[in-house]
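Just so it is clear: chains get the letters A, B, ... in the order the sequence lines come, proteins before strands, and each one is counted from 1. What you see below is based on every heavy atom in this structure, not just the backbone, and it leaves out hydrogens, waters and symmetry mates. Predicted model only: the values in this text are computed from it and were never measured.
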There are 2 protein chains.
Amino acid sequence: MIRKKKSIHTIARDLGVSATTISFIINGKAKENRISSELIKKVEDHLGHINYKPDIIAQSLRTGKSNLIGMLMEDISDAFFSSIARGVEMGLENSGYKLLFISTKNKTADASLILDLLKEHKVDAFIIAPSPGLEQEISELIESGKPVVLYDRYFKTLNTCNIMIDNRGGAYMGTMELFNNDYREVAFVTLRSDQVQMADRLLGYKDALAQAGQSKTILLEIPYNLDIHQTSLQIRNFFKKNKTMEAVLFATNYLAIAGLQALKDLGWVVGSDIGIVGFDDNAHFSLFSPSVTAVAQPVGEISRAIVQNIREALTAERICEPRTIVLPAQLIRRESSVKPLV
Amino acid sequence: MIRKKKSIHTIARDLGVSATTISFIINGKAKENRISSELIKKVEDHLGHINYKPDIIAQSLRTGKSNLIGMLMEDISDAFFSSIARGVEMGLENSGYKLLFISTKNKTADASLILDLLKEHKVDAFIIAPSPGLEQEISELIESGKPVVLYDRYFKTLNTCNIMIDNRGGAYMGTMELFNNDYREVAFVTLRSDQVQMADRLLGYKDALAQAGQSKTILLEIPYNLDIHQTSLQIRNFFKKNKTMEAVLFATNYLAIAGLQALKDLGWVVGSDIGIVGFDDNAHFSLFSPSVTAVAQPVGEISRAIVQNIREALTAERICEPRTIVLPAQLIRRESSVKPLV
DNA sequence: GTTGTTTTTTAAATCGATTTAGCTGTGGTT
DNA sequence: AACCACAGCTAAATCGATTTAAAAAACAAC
């Protein structure tokens with residue numbers, strides 16, 4: 001039953017027409033090239049009958065389009081990124097485009113190599129959570145005329161299409177939630193990073209301190225790419241050193257997990273001994289005891305926005321319109337940010 | 001700085017040699033075609049100098065190879081599948097192959113369409129967690145001569161290369177863990193499914209019942225693709241109906257989450273009111289109170305085995321050797337499967 | 001100075017589409 | 001009858017590689 005695939009030329013010969021005619025008909029250019037409607041019907045019937053599918057690779061070579069979209073993220077096994085990946089995948093269903101997901105581990109050098117590879121594959125568009133120091137590459141990408149959407153972070157120096165959430169507002173909300181529930185000194189555990197999403201979260205934390213009248217920041221900055229055990233250890237030491245601290249905002253999901261581990265190891269009781277808010281909600285947070293309050297990123301809307309911008313640009317055959325879309329973060333109030341009634 | 005890419009023919013003209021010569025040299029066929037070493041050097045120097053990279057699409061068209069590997073999973077946003085995806089991605093780094101990840105949602109029709117799309121893209125190999133009813137498609141794929149590896153489940157009727165874990169043994173261990181800790185009647189919450197991995201887990205549960213002398217199975221089979229809330233509701237009702245039950249094994253991560261939610265809603269205390277073991281470990285299970293005992297799947301080894309089999313077949317240019325590799329499951333003993341001392 | 005052999009290099013076909021430029025044939029004008 | 005306009009269709013070039021089959025060059029033998 002495995003019949004060799006027929007090329008447009010073979011079919012043309014079978015039908016006694018030219019390949020040009022068939023190509024016109026396939027691509028909806030029959031009218032503008034004045035192919036008679038009888039011939040159109042004849043060809044279409046036959047194509048339908050033998051279930052002809054053009055060879056994508058040959059089309060790619062000729063047209064320079066691959067029907068592939070490259071999507072770079074920090075790590076496909078991370079819940080946040082894989083959720084967005086899934087959302088984008090769904091948004092692109094039946095679009096004719098397929099996705100090439102790639103994890104960068106936030107390494108600049110790797111990301112740059114990956115972009116080269118994607119360019120070689122003639123990828124039609126790029127969806128990127130950029131690693132630090134990728135300005136030059138991204139700028140060149142956009143100059144090449146291909147649609148590019150950045151998400152989760154971007155470069156202030158670059159005039160790109162960015163899908164962001166309100167990191168500053170989110171961190172502010174998360175911190176204020178703790179102050180509002182009578183925790184006095186609120187600390188912030190974050191990643192050592194110059195990237196905009198992290199910088200904004202720090203700003204939001206500081207906004208809240210100013211608002212609440214806490215004079216000094218209590219800050220722990222963890223280096224990138226540390227394993228979870230090391231991270232947890234650093235947080236534990238930080239907790240032990242800062243006795244006066246009553247609550248803490250974790251800047252990422254990963255840090256919240258490491259932090260909860262640290263607290264468990266210390267034997268501190270979440271809620272009464274220390275108030276907790278995480279950034280980035282998680283399916284499991286509602287099941288912890290106490291359940292964990294979190295600033296949720298609207299994953300569905302992020303992917304929707306990504307898809308919409310990419311599709312628009314792709315159909316209009318132009319680059320993505322430079323703009324920064326800021327989606328609101330949402331505070332999911334649970335038990336870890338409230339002192340229990342004794 | 002954006003210079004148009006040079007084709008092998010342009011370069012040939014520049015150098016005053018033929019494209020054939022260059023092609024031979026690029027592909028390491030210079031020796032067997034007796035290209036003189038001076039010429040080789042001259043060409044290689046020049047190629048290095050202008051940083052020539054062959055056009056992958058053109059190569060694809062000519063050779064029929066795309067350097068793409070298609071990987072089908074149930075859902076890229078699921079922790080188990082995304083971890084394996086990441087593992088495979090790492091294993092394939094610097095291999096020259098790129099991965100096309102695709103979620104099937106376990107729908108037969110979708111998966112079949114997806115395979116068609118992948119075939120059109122001339123994907124070189126397939127890594128598949130097959131949806132039910134995909135026997136025919138997979139069998140045709142293998143006949144086409146392309147390497148295919150199945151993982152997480154397979155078809156007994158098909159002579160394929162399968163990377164599995166010991167589902168039966170794992171479920172047995174999980175159930176016995178509960179019996180060994182003095183829980184009397186152990187239930188099993190699973191998915192309504194004929195797939196081999198689920199059938200094996202059920203067998204393992206029954207093995208343990210036989211061993212422990214529990215005469216009747218206490219079984220809840222949840223339909224596929226139910227949302228988490230509905231699932232949780234069904235589990236709650238199941239719990240309410242089966243008063244004599246003292247412990248439960250959940251067949252998947254997803255079910256464990258839904259089950260914990262149900263228990264929280266019921267106000268039952270995990271450990272004392274009911275013993276719990278999950279299938280498929282999770283980064284968060286150690287942080288629950290009580291922490292959740294689980295049968296862990298060796299994600300790293302699964303991806304390693306997948307990669308190894310695919311790479312072997314790819315370099316030898318043959319299909320994957322038919323065989324079923326069964327990796328051991330591991331019981332991660334935590335608090336949820338032990339009655340607390342009162 | 002032929003002829004034969006071996007070494008080195010290359011012209012041209014091919015993969016399967018798209019697209020430019022142009023070829024027919026019909027009918028209308030003058 | 002000569003010319004043009006236009007509808008309807010197609011030959012051939014092209015994208016950028018690989019590969020087959022053969023040409024060209026170098027050398028040896030007689």
Side-chain angles (χ1 to χ4, degrees), chain A residues 3-44 46-47 50-68 96 119-122 124 317, chain B residues 3-44 46-47 50-68 96 119-122 124 317:
Chain A
R3 214 181 285 110
K4 200 173 170 307
K5 273 199 61 175
K6 290 201 167 186
S7 86
I8 200 171
H9 281 104
T10 320
I11 296 173
R13 193 158 37 67
D14 292 355
L15 273 178
V17 301
S18 88
T20 310
T21 305
I22 301 186
S23 177
F24 283 153
I25 293 174
I26 291 170
N27 294 296
K29 297 183 181 169
K31 290 273 140 53
E32 74 193 68
N33 285 94
R34 292 171 303 238
I35 308 292
S36 67
S37 28
E38 304 105 67
L39 189 47
I40 294 181
K41 181 159 180 355
K42 174 179 168 190
V43 170
E44 279 180 344
H46 186 247
L47 292 185
I50 65 167
N51 188 28
Y52 168 75
K53 297 257 191 290
D55 183 301
I56 298 190
I57 303 288
Q59 281 182 320
S60 270
L61 178 58
R62 183 60 232 243
T63 63
K65 322 213 162 267
S66 64
N67 295 309
L68 251 30
K119 277 186 264 177
E120 279 179 45
H121 272 276
K122 300 247 164 62
D124 294 334
E317 304 211 3
Chain B
R3 212 182 285 112
K4 198 172 173 304
K5 272 199 62 174
K6 289 201 168 186
S7 85
I8 200 170
H9 280 103
T10 319
I11 296 174
R13 194 157 37 67
D14 292 355
L15 272 179
V17 302
S18 86
T20 311
T21 305
I22 300 185
S23 177
F24 283 153
I25 293 175
I26 291 169
N27 295 296
K29 296 183 180 170
K31 290 274 141 52
E32 73 192 68
N33 285 93
R34 289 172 301 242
I35 308 292
S36 66
S37 28
E38 304 104 67
L39 190 46
I40 294 181
K41 181 156 179 4
K42 173 179 169 188
V43 170
E44 279 179 344
H46 186 249
L47 292 185
I50 64 167
N51 188 28
Y52 168 75
K53 296 256 191 292
D55 182 302
I56 298 190
I57 303 289
Q59 281 183 323
S60 269
L61 178 59
R62 183 62 234 242
T63 63
K65 323 215 163 262
S66 64
N67 295 309
L68 251 31
K119 278 186 264 177
E120 279 178 45
H121 271 277
K122 300 248 164 58
D124 293 334
E317 305 212 1

[N] [atom2] sits how many Å from [X] [atom1], rounded?
X	N	atom1	atom2	value
A/Ile8	D/dA11	CD1	P	13 Å
B/Arg62	C/dA17	CZ	P	15 Å
B/Glu32	D/dT18	CD	P	13 Å
B/Ile56	D/dT18	CD1	P	12 Å
A/Lys31	D/dA7	NZ	P	14 Å
B/Ile22	C/dT9	CD1	P	13 Å
A/Phe24	D/dA11	CZ	C1'	12 Å
B/Ile57	C/dT14	CD1	P	23 Å

Taking OP1 and OP2 of [N], is either one under 4.0 Å from a side-chain nitrogen or oxygen of [X]?
X	N	result
A/Ser36	D/dC9	yes
A/Tyr52	C/dG16	no
B/Asn27	D/dT18	yes
A/Lys29	C/dT19	yes
A/Ser7	C/dG16	no
A/Arg34	D/dA7	yes

(message) Return the CD1 to OG distance between A/Ile22 and A/Ser7, rounded to the nearest 0.5 Å.
(response) 9.0 Å
(message) Just verifying a value: how many Å separate B/Glu120 CD and A/Ile57 CD1, rounded to the nearest 0.5 Å?
(response) 10.5 Å
(message) Near DNA chain C, counting only heavy atoms under 4.0 Å, which residues of residues 9-21 of chain A show up?
(response)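 A/His9, A/Thr20 - these, ordered by number, are the residues of the stretch whose heavy atoms sit under 4.0 Å from the strand.
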(message) side-chain contact (heavy atoms from CB on, under 4.5 Å) for A/Glu317 and A/Lys65? Distances and angles first, verdict last.
(response) CA-CA 11 Å; A/Glu317 304 211 3; A/Lys65 322 213 162 267; 4.1 Å; yes
(message) So B/Leu39, base contact, sugar-phosphate only, or nothing? Heavy-atom distance under 4.0 Å.
(response) sugar-phosphate
(request) Measure the shortest side-chain to side-chain distance between B/Ile8 and B/Ile26 over non-hydrogen atoms and say whether it is less than 4.5 angstrom. (result)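 Contact flag for B/Ile8/B/Ile26 side chains = yes.
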(request) Say whether, by atom type as modelled, one donor and one acceptor occur between the side chain of A/Thr63 and the main chain of A/Gln59 under 3.5 angstrom. (result)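 The answer is yes, because a donor-acceptor pair under 3.5 Å joins these two groups.
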(request) Please check if the side chain of A/Lys122 supplies one atom and the backbone of B/Asp55 the other of a donor-acceptor pair under 3.5 Å. (result) no
(message) Under a plain distance cut-off of 3.5 Å, with no hydrogens placed, do A/Ser23 and A/Thr20 share a side-chain donor-acceptor pair?
(response) no
(message) Side chain of B/Gln59 only, heavy atoms from C-beta on: which candidate in D/dA17, D/dC9, C/dG16 is closest?
(response) D/dA17
